[in-house]
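Position 1 is the first residue of the sequence, and the numbers go up from there. These values consider heavy atoms only, across backbone and side chains, with no hydrogens, waters or symmetry-generated copies.
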Amino acid sequence: MERRNAWLSYTEAEEKELEATALAYRHFLDAGKTERECVTRIVEEAEAAGYASLEAKLAGGETLKAGDKVYAVGMKKIIALFQIGQEPLENGMNILGAHIDSPRLDVKQNPLYEDADLAYLDTHYYGGVKKYQWVALPLAIHGVIAKKDGTVVDVNIGEAEEDPVVYITDLLPHLAGKQMEKKASVVIEGENLDILVGSRPLADLPDEKKKEAVKENILKILNEKYGVEEEDFLSAELEIVPAGKARDCGLDRSMIAAYGQDDRVCAYTSFLALLETDSPRRTSCCLLTDKEEIGSVGATGMQSRFFENSVAELMEACGCYSELALRRALRNSRMLSSDVSAGFDPAFGEFFEKKNAAYVGRGIVLNKFTGSRGKSGSNDANAEYIAQVRKIFDTHNIAFQTAELGKVDIGGGGTIAFIAALYGMEVIDSGVAVLSMHAPWEVTSKADVYEAKKAYKAFLLDA
């Protein structure tokens, strides 16, 4: 059941639409390198498309009806968008669920120090990373610093052409004999992922501060630019990410290379699909969550009550809330857990089972289950639901394929699917194949990005 390469089926008009989708996606990646930035950009685009704050609607005592478009945001890191359908909410929703957090390095709460006339920021890596991939790269600092007076300062250093970048050093090969004998997991250790941020000492300091003159200069720069002091690191959320914009990849420009495509490739195509959906039969929902890379925990992860509470508020605004109605709405919903798949890489082909691998350029990927080894931690979708999704995709001429993550005993991974399935709703994983997943720069096919948007739109209309 080998699938045809999607590129071979496009008309000239479809190729133009594909390129427009890819360009919009690249711009989103450039604007959203953190979960906060993603939510900010999504809200801007949603409001331009006619969506309004659910919180504001509730505060104004407004009643919602079919056709209304609203969104709810939690702690600036998780967002749910709804377009109310013709059918009662109790009949369920069609949900596209993805995550907007990505592997990165987080700056610690007491991070700034000086050693040998060099200033560093200490970090703690977030999510599943190969630590050795993060050295000797131009890096940027994104995030916020919250001050005791209640003000919050946005930080973005390293993206503008005139900005400096920051950096993690590595040992030169001439001295790296012992280092190269280590396992890849410890070639670079987590506590050595410190960010080089300066080397110029501040002059004319009192004697007690001269030993940390470089650190003092960094503090002076931060104070002049952002009005912050060293103590303000205690209430900062600063993320270290690769510097630079998303780029076309390949001499044929058929792919996209960028940071954070797991899982912003599915998040943004889900959002675009929602924007392009009009007058749905069932209520359409796009749910973009945080913390998936560390287990979907916390107040902004899928395991929180944010989504359930948002649906309850939506039903209240529609005049149809009861606890039983809420339970029925969640149970009767259908969901695509829109998360990426591991693209087959012939350079590492021995780790994949070729008949059940995801191939770049062959369309969106359905994963009946994820998990590891004996399907541990997975949501195993029902055969009947898979048949329904297949029918939708075939009806709308969507290029799709089915896959597993890799060979059975090699490893594994999970998504938010099993958490949503706890409500009793039908859920299956459905996303884009990615090469070099979790690396600082990942690669996707423009064709797969385009097919994902089409597939998500078809699902919202017909599921």
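With sequence neighbours left out, the side-chain contact (heavy atoms from CB on, under 4.5 Å) criterion links Glu353 to Lys355, Asn356, Lys407.
Here the side chains of Gln401 and Tyr359 are in contact, with some heavy-atom distance below 4.5 Å. Taking the side chain as every heavy atom from C-beta outward, His142 and Val155 never approach each other to under 4.5 Å.
In summary, the side chains of Tyr10 and Glu17 do not present any donor paired with an acceptor at a separation below 3.5 Å, with no hydrogens or angles considered. Under the 3.5 Å distance criterion, with hydrogens and angles disregarded, a donor-acceptor pair is assigned to the side chains of Asp262 and His99. Judged by distance alone, the side chains of Asp290 and Thr300 do bring a donor and an acceptor atom under 3.5 Å apart. Inspection of the Tyr321 and Glu323 side chains reveals an N or O donor paired with an N or O acceptor under 3.5 Å.
Looking at Asp448, its side chain never comes within 3.5 Å of a backbone N or O of Ile364 through a donor-acceptor pair. Proximity of a side-chain donor or acceptor of Asn94 to a complementary backbone N or O of Leu460 within less than 3.5 Å is detected. Judged purely by atom type and a 3.5 angstrom limit, Thr21 has no side-chain atom pairing as donor or acceptor with the backbone of Tyr450. Looking only at distances, a side-chain donor or acceptor of Arg264 sits under 3.5 Å from a matching main-chain atom of Ile100.
Cation-pi geometry between Arg390 and Phe400 is not met at under 6.0 angstrom from the ring centre and within 45 degrees of the axis.
Salt bridge annotation for Lys454-Glu276: absent, with no cationic side-chain nitrogen under 4.0 angstrom from a carboxylate oxygen. By the 4.0 Å N-to-carboxylate-O rule, Lys131 lies too far from Glu189 to be salt-bridged with it.
Relative orientation of the Tyr268 and Tyr25 rings is parallel, given thresholds of 30° and 60° on the angle between their planes.
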